[in-house]
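Quantities reported herein were computed from a predicted structural model and do not represent experimental measurements. Side chains are part of it too, since the values below use all heavy atoms of this structure and drop only hydrogens, waters and symmetry mates. Note that the numbering runs from 1 along the sequence shown for the chain.
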Amino acid sequence: MTDPLSPEEIDRYRRHIVLAEIGGAGQQKLKQAHVLVVGAGGLGAPVIQYLAAAGIGHIGVLDDDTVSLSNLQRQVIHDTAGLGTPKIASAEAAVARLNPHVAFTGIAERLTAGTAARLLAGYDLLVDGSDNFDTRYASADAAEAARIPLVTGAVGRFDGSLTVLKPYEAGPDGTLHPGYRDLFPTAPPPGVVPACAEAGIVGALTGVVGTLMAMEVIKLVTGAGDPLVGRLLLYDGLAARFETLKYKRRKA
């Protein structure tokens, strides 16, 4: 059983607690939550920051990379002094500075089909901020097998997207919610989707999409609002436009 909120925590989270949709009970749920974040990069950075600030009790981060100078234009959880250090160490230091009430576990591994079940053990929600389809499919399969929600996002140049996956649950009509392969049946051939290093990316875009991903996590944990299940949120940064596309489970 999780300890009750301390007086310092009540003061820290006061702006959450006064919200009827969250309140003290919702803040306690945030404190009890164990969330695993795939990647401490462009999307992972704002996700980690806002989940730590929100009071998620335990944040795990998967990343086997080190901080480089080209990261700092968008990966705002890291800084110049941390160049060359493991991203998980840099992220842990940032979380400790931000909120001492958050437990942090850094894991210098990649999530694959073979490692996913082991890495997800003990977590109740997965956030995928990776930059490749192999990891995205592995994350989706693992979260579905573990029956935990997945918040997944992607960015490129000036555009981003995110959705929430709970394919192990049925909607009001009794039909199972869609999975990742209902949205993206197969990965594009290698080279079709260029990496950020080739196509470029505006740094603030990752902040927009990553923050929205953190918002979905908070909603899922507290039960507030309507998560993006069966809906793909698209953001066009150049046009300053959001669109929402509905998608369903494909017929066998």
Check ion pair [X]-[Y] (N to O, under 4.0 angstrom):
X      : Y      : answer
Asp141 : Arg181 : yes
Asp64  : Lys87  : no
Glu9   : Arg12  : no

Cluster overlap [X] with [Y], hydrophobic side-chain contacts below 4.5 Å:
X      : Y      : result
Tyr50  : Ile17  : no
Leu30  : Met215 : no
Leu176 : Phe184 : no
Val35  : Tyr13  : no
Leu150 : Leu232 : yes

For [X] against [Y], the heavy-atom pair lying closest together:
X      : Y      : answer
Ile148 : Tyr168 : C-OH, 3.2 Å
Ala146 : Leu120 : CB-CD2, 4.2 Å
Val38  : Thr135 : CG1-CG2, 3.8 Å
Arg74  : Ile201 : CD-CG2, 3.8 Å
Val61  : Phe104 : CG2-CE1, 3.5 Å
Ile48  : Ile59  : O-CD1, 4.1 Å

Intermediate values then yes/no, side chain to side chain contact (heavy atoms under 4.5 Å, CB included), Glu21 and Thr222 = CA-CA 8 Å; Glu21 295 85 352; Thr222 63; over 6 Å; no

Step through the shown structure and confirm whether more than 12 heavy atoms of other residues, nucleotides or ligands are within 6.0 Å of CZ on Arg118.
->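 Correct, the count exceeds 12.
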
Whether over 12 other heavy atoms sit under 6.0 Å from Arg231 CZ =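 Yes, the 6.0 Å shell around CZ holds more than 12 heavy atoms from other groups.
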
Side chains of [X] and [Y]: closer than 4.5 Å at any heavy-atom pair?
X      : Y      : answer
Val37  : Leu62  : no
Arg249 : Pro167 : yes
Val76  : Thr206 : no
Gln28  : Leu5   : yes
Thr152 : Met213 : no

May I ask you to decide if [Y]'s main-chain N or O and [X]'s side chain share a donor-acceptor pair within less than 3.5 Å?
X      : Y      : answer
Arg250 : Asp182 : yes
His101 : Glu8   : no
Thr115 : Thr112 : yes
Gln49  : Thr211 : no
Glu109 : Asp63  : no

Checking side chain to side chain contact (heavy atoms under 4.5 Å, CB included) for the pair Leu234/Phe242: CA distance, chi angles, key distance, verdict?
-> CA-CA 6 Å; Leu234 304 173; Phe242 286 95; over 6 Å; no

For Thr175 and Lys248, run side chain to side chain contact (heavy atoms under 4.5 Å, CB included): C-alpha distance rounded to whole Å, both residues' side-chain angles, the deciding distance at 0.1 Å, then the answer.
-> CA-CA 9 Å; Thr175 303; Lys248 297 181 179 181; over 6 Å; no

Spatial distance of atom [atom1] ([X]) from atom [atom2] ([Y]) [nearest 0.5 Å]:
X      : Y      : atom1 : atom2 : answer
Leu165 : Glu144 : CG    : CD    : 8.5 Å
Phe133 : Thr186 : CZ    : OG1   : 9.5 Å
Ser161 : Asp236 : OG    : CG    : 12.0 Å
Asp226 : Lys219 : CG    : NZ    : 6.5 Å
Leu51  : Ile218 : CG    : CD1   : 6.0 Å
Leu126 : Leu111 : CG    : CG    : 6.5 Å

Testing the 3.5 Å rule here: is there a donor-acceptor pair between the side chains of [X] and [Y]?
X      : Y      : answer
Gln32  : His58  : no
Glu169 : His177 : no
Tyr180 : Thr163 : no
Asp128 : Ser130 : yes

From CA spacing to verdict: side chain to side chain contact (heavy atoms under 4.5 Å, CB included), Leu212, Leu233 | CA-CA 10 Å; Leu212 288 168; Leu233 182 63; 4.0 Å; yes

